[in-house]
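Below is one structure, written out as C-alpha cells; the observations come after it.
The shown structure was predicted, so the numbers you read here are calculated from the model rather than taken from an experiment. Per chain, numbering begins at 1; letters A, B, ... match sequence-line order.
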Protein chains: 2
Amino acid sequence: MKKYLKILRKCALFHQIEDEDLIIMLNCLGAKIDVFDKKYTVMSEGKPAKYIGIVLSGSVQITQTDYYGNRSILSNIEAAEVFAEAFACAETHSIPITVIANEPCEIMFIDCSHILRTCSNHCTFHQQLIFNLMKDLADKTILFHQKLEILSKRSTREKLLTYLMFQAKKFGSDSFDIPFDRQELADYLEVDRSGLSVEIGKLRQEGMLESNRKHFELLWTVK
Amino acid sequence: MKKYLKILRKCALFHQIEDEDLIIMLNCLGAKIDVFDKKYTVMSEGKPAKYIGIVLSGSVQITQTDYYGNRSILSNIEAAEVFAEAFACAETHSIPITVIANEPCEIMFIDCSHILRTCSNHCTFHQQLIFNLMKDLADKTILFHQKLEILSKRSTREKLLTYLMFQAKKFGSDSFDIPFDRQELADYLEVDRSGLSVEIGKLRQEGMLESNRKHFELLWTVK
DNA sequence: ATCCTTTTGTTGAAATTTCAACAGACTTTT
DNA sequence: AAAAGTCTGTTGAAATTTCAACAAAAGGAT
C-alpha cells in the first residue's frame, strides 16, 4: 500500500490526513486494488453501486450506451481522481454507467458503506474523510454543471467553443491537449463526428484556433 | 422559527436532528428568512456563492441565460428542497445561475462557511449536518446525471420521452403533472418550443400518451 | 359576459445536424 | 520497411431543428 502514498496524497478524498493515518484508515476501510489493461471494463452498468473508485495510475472514461448503441462519454477521470462516488453515496441500487480503462490502470476500490457507517474502531480521521467526500461531491456537481452548460448549447460550434473555453480555464492556458480523439470528443459533446470535424476546420480557417489532433490553441482572446 | 419546523423536518439537510437541536443549530448558523413575490429574483448570477438556499414555501426555478438571451432552465426546486449548495460548498467565488420565484416564496439562507468551519460552540449536530449535506450533494449529482442523460439524446422526441420517463419514475405513476408550461419545458429540454409542441402532438396521435397542458399520462408500458 | 393576456398548436422556409461513404494521413504491428 | 489498422477531414443527400409568424384556446380581470 505504501507505494501508492505519493498518488493518494494528491487525492482530494484524503486531504488533511497524515500518511500513517491514511494507511491505517485504508486497512480499516478494506480498500482493494485491481489492475486493468487498456480498453478493459473497470465497472459496468447495472452492477450494484457499492464501491467508490480511485484512479492510482492511468486514466478511465465514464461512458453510457443507450439501446441503439450510441455511446456517450460523461467524463474522463485522471490519476488521483475519484469516480462512482455519487452513486455509492446516494445508495443507488445499481450504477447507470460503464467505466473503461483508457490505458493500463491501477484502481483502488473502497466499499462506500464502510465510509457512510462510522467503523467500530472510531477512526478519528473518519470525520475528515466524510468532510472531504462532501467537498469532492460539491466539486463533481460543479463539473456536471459545466457539462450541462456545454450540452445546453444548441449548435455543434457553440458546444465545442464552450468546451474549449472550460479546458483553457482548467489549464490556465490557451494552449492545451484534450484527453479525447475526434470520435471521443464528438461522443462527449453529443454531436456528429463529421460535423465536428467540419466545425473545427471552419474555426481554423477563421483564425479562431490552431489544432493538431488532440492539441488545441485558442487564438481568440477570452477577456 | 418554530412555525417552519414542519417543513424543515422534511428537508434532507436536517435528517436525524431533533426539533430542539434544530432550532439551536439554526440560530448558531445564523439562518435568515426572506420572502419573495412571484417572478422575483432570489439569487442572481455573478453574486458571491456564500449562501445555501432552502425553500420553505412555494417553489423556485434555477435558470441560466447566455449572452444571446437564451434562457435555459436547470431545475425546479420545490418546498423543503435545497439549492445553490454545490457552489457554496465548493467555495466557488461567484454563482453561475439565477434563481427565480415561481410563486410567492419563503426562503431560508444559511451562510455555508458556518457549516464548513465547525462553530466555536461545537454543536454535536454539526457532524450530522455535514453528513446530510454530503448525502444531499450525492442526490443532486444523481439528478444532474439524469439531466445529462436527457440532454445527451439527439432528438427532441427522445429528450422528451426520457424526461417523461424520469418523471413517471419519480412520481411512481404514469399519470402526473410537470412543473413547466410548454416554453419552460422547451427551455428545460433545450429544444425549440414549436418543435416540442409538434412532437407532443405526434406522440398523442400515435397513442403513446395523453396530455393536457401540464398534465401527462403515459400509455406505453415502461417494463 | 367581455376584453385582454398568456399559452399552445400549426405551418413553411431556412439553417443545421446526421448519416454514409471514402480518401488521405498517421500509427502500430509484423 | 511494408502492411494493416486507426483516425481525421470531406462531401452530398436526407432528416431534423430552428425560426418567425399567426390563429385558436384557455385563463384572468373588470
Under the rule for salt bridge (charged side-chain N to carboxylate O under 4.0 Å, His left out), what residues qualify as partners of A/R71, not counting sequence neighbours? A/D187
What's touching nucleotides 24-30 of chain C from the protein side, N or O pairs under 3.5 Å?
none

Give one of base, sugar-phosphate or nothing for B/R154, where a contact means two heavy atoms less than 4.0 Å apart. sugar-phosphate
Sequence-distant partners of B/D181, salt bridge (charged side-chain N to carboxylate O under 4.0 Å, His left out), two or more places apart: none
Closest-nucleotide 5' rank along DNA chain C - winner of A/G195 and B/K214: B/K214
Partners passing salt bridge (charged side-chain N to carboxylate O under 4.0 Å, His left out) against B/D192 (at least two apart in sequence or in another chain): none
Looking at every strand, decide which applies to B/S155 at a 4.0 Å heavy-atom threshold: base, sugar-phosphate, or nothing. sugar-phosphate
Crowding at CZ, B/F171 (>12 non-hydrogen neighbours, <6.0 Å): yes
Review item, side-chain donor-acceptor pairs of residues 196-205 of chain A, under 3.5 Å, at least two apart:
from: A/R204; atom 1: NH1; to: A/S211; atom 2: O; distance (Å): 2.9
from: A/R204; atom 1: NH1; to: A/S211; atom 2: OG; distance (Å): 2.8

Only pairs under 3.5 Å count here: list side-chain donor-acceptor contacts from residues 4-13 of chain A, not counting sequence neighbours, and write none if there are none.
from: A/Y4; atom 1: OH; to: A/E106; atom 2: OE2; distance (Å): 2.7
from: A/R9; atom 1: NE; to: A/D19; atom 2: OD1; distance (Å): 3.0
from: A/R9; atom 1: NE; to: A/D19; atom 2: OD2; distance (Å): 3.1
from: A/R9; atom 1: NH2; to: A/D19; atom 2: OD2; distance (Å): 2.8

Just to be sure I understand the rule, does B/V198 reach a base, reach only the sugar-phosphate, or reach nothing, if contact means heavy atoms closer than 4.0 Å? base
Using a heavy-atom cut-off of 4.0 Å across all strands, would you classify A/D192 as base, sugar-phosphate, or nothing? base
First and last nt of DNA chain D near chain B, cut-off under 4.0 Å to heavy atoms, 5' to 3', are D/dT17 to D/dA26
Interatomic distance where CZ belongs to B/R204 and C1' belongs to C/dG9 [whole Å]: 9 Å
Axial bend angle, the helix from C/dA1-D/dT30 to C/dT30-D/dA1: five-pair end segments, nearest 10°: 50°
Who are the ring-ring contact (aromatic ring centres under 6.0 Å, His included) partners of B/Y163, not counting sequence neighbours? B/Y188
Which pairs with one or both residues in residues 87-110 of chain A pass ring pair (Phe, Tyr, Trp, His ring centres under 6.0 Å), sequence neighbours excluded? A/F87-B/H145
Atom-to-atom span, NE2 of B/H215 to C1' of C/dT8 - whole angstrom: 17 Å
By side chain to side chain donor-acceptor pair (under 3.5 Å), which residues pair with A/K140, not counting sequence neighbours? A/E85
With sugar-phosphate meaning primed atoms plus P, OP1 and OP2, does A/S194 contact a base, only sugar-phosphate, or nothing at under 4.0 Å between heavy atoms? base
Measuring only between side-chain heavy atoms, which start at C-beta, is A/E190 closer than 4.5 Å to B/R154? yes
Return the set of residues passing side chain to side chain donor-acceptor pair (under 3.5 Å) with A/E78 (not counting sequence neighbours), or none when no residue passes. A/N76
I need the CD-C1' distance between B/E184 and C/dT7, as an integer number of Å. 11 Å
